[in-house]
Amino acid sequence: MKQINLISDTITKPNDAMLQYMMQAEVGDDVFGQDPTINALEKKLANMFGKEAAIFCPSGTMTNQIAIKCHTNALDELICEKTSHVYQYETGGYSYNSRVAINLIDGENGKLKPHQITEAIRPDYDWLPNSTLVSIENSCNKGGGSYYDLQEMKAISENCQKHDLRLHLDGARLFNVLVETEDKPNEIGPLFDSISICLSKGLGAPVGSVLIGNSAFIKKARKFRKVMGGGMRQAGYLAAACMYALDHNIPQLKTDNQNAKNIGRELRHLSYVEAVKPVKTNILIFTIVDNVEVNDILQQLQDKGIIASQFGPKDIRFVTHNGFEENDINDLMERMKTIEI
Ligand SMILES: *Cc1c(COP(=O)(O)O)cnc(C)c1O
């Protein structure tokens, strides 16, 4: 029985062509800024988003944390949606690394509205933190892969500028969005003070995230990357994988999104599925009916070779990726139909 692993798009492994490309990379010591492949990757992403500079990091957690650190001082407050990765899944790093407070907004499927940001801004009193930074996620992981289109991002950006707030984009899966909306990276870049991109998810690189911003911001980011222990040496081998991913693997994301949508349509017919969140990209969150335990379903899925994760008290998440093909959908559904409740 073939294993169907939908736990995350982070499980993707480099294919032979990517490995070949990695092996021929020219490398140097990136702490001295002398790794030509890393320099080329940073330049490529900065140019793509119409920004001045970028910095290669080991993870998306690090790029987000560095961004928060660069944009804030202690006693500031970060505004974000309550399900966002920077709040839920970064070990409380905003508080540990940056000593900032957090103002959580209850959005819709992970998305914020401009007026909610305005309402979250603190008046200037001694006893309140300073509202300085907003972080939005695109696509929204816990929102079930929902996304902001260009107009929605523009509206948020304009509102942040109006209120003198910095704006960070956690774009871990931004390219899954761009293949849907066909918005251009160089239209998105100017809307944000910083952008984080993950190459190690659906794009298939083994390691790597990039933080993009203006030159002064990236100069500051290099210092914080170093103090967090993220200054790497001949990491150009990894940057080469990211380069390969950008050059070859973006179209795959469209397929991943389509597969998730097709699974979503089928799941609705299963008796133990109460609801499926609208499927917009490659993330699929579905709710199990009241009288059935999520753990029981996950165990039965696992016994049938299907790996998924719990994503809330009654929710299960599937994430599609290049290891899941269109003709795996039938197989997946056949196995899911045999689950007993
Ligand atoms: C995966 C992810 C990150 C970064 O995660 P790392 O595992 O640290 O690379 C950040 N934001 C979102 C929304 C993510 O899904």
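Everything numeric in this text was worked out from a predicted model, so none of it was measured. Counting starts at 1 for both ligands and their atoms, following the listed order.
Of the protein's non-hydrogen atoms, Gly60 N, 2.8 Å is the one closest to atom 9 (O) of ligand 1. The nearest heavy-atom contact from the protein to atom 14 (C) of ligand 1 is Lys201 NZ, 2.7 Å. Given atom 7 (O) of ligand 1, the protein heavy atom at minimum distance is Thr61 OG1, 4.5 Å.
Among Ile283, Val294, Leu284, Asn141, the single residue meeting the side-chain contact (heavy atoms from CB on, under 4.5 Å) criterion with Phe311 is Asn141.
With a heavy-atom cut-off of 4.0 Å, Asp170 touches ligand 1 through its side chain alone. Heavy atoms of Val86 found under 4.0 angstrom from ligand 1: none, in either backbone or side chain.
Residue contact check: Glu137 has heavy atoms under 4.0 Å from atoms 13 (C) of ligand 1. Of all atoms in ligand 1, listed by their number and element, those nearer than 4.0 Å to a heavy atom of Arg173 are 15 (O). Within ligand 1, counting atoms from 1 as listed, the ones closer than 4.0 Å to a heavy atom of Asn64 are 10 (C), 11 (N). Close approach of ligand 1 to Ser59 is summarised as follows: ligand atoms under 4.0 Å from at least one heavy atom of the residue are 8 (O), 9 (O).
Stacking of Lys82 on the aromatic ring of Tyr87 is not recorded, the 6.0 Å distance cut-off and the 45° axial limit not both being met.
A donor-acceptor pair is defined here as one N or O able to donate and one able to accept, closer than 3.5 Å; no such pair exists between the side chain of Gln252 and the backbone of Asn249.
In this structure, Tyr272 is a member of the same hydrophobic cluster as Leu332, with clusters built from ILVMFWY side-chain heavy atoms closer than 4.5 Å.
At most 12 non-hydrogen atoms from other residues, nucleotides or ligands lie less than 6.0 angstrom from CG of Asp124. Residue Gln88 places its CD atom among more than 12 non-hydrogen atoms of other residues, nucleotides or ligands, all under 6.0 Å distant.
Between His71 and His168, the ring planes lie tilted relative to each other; the angle falls in the 30° to 60° range.
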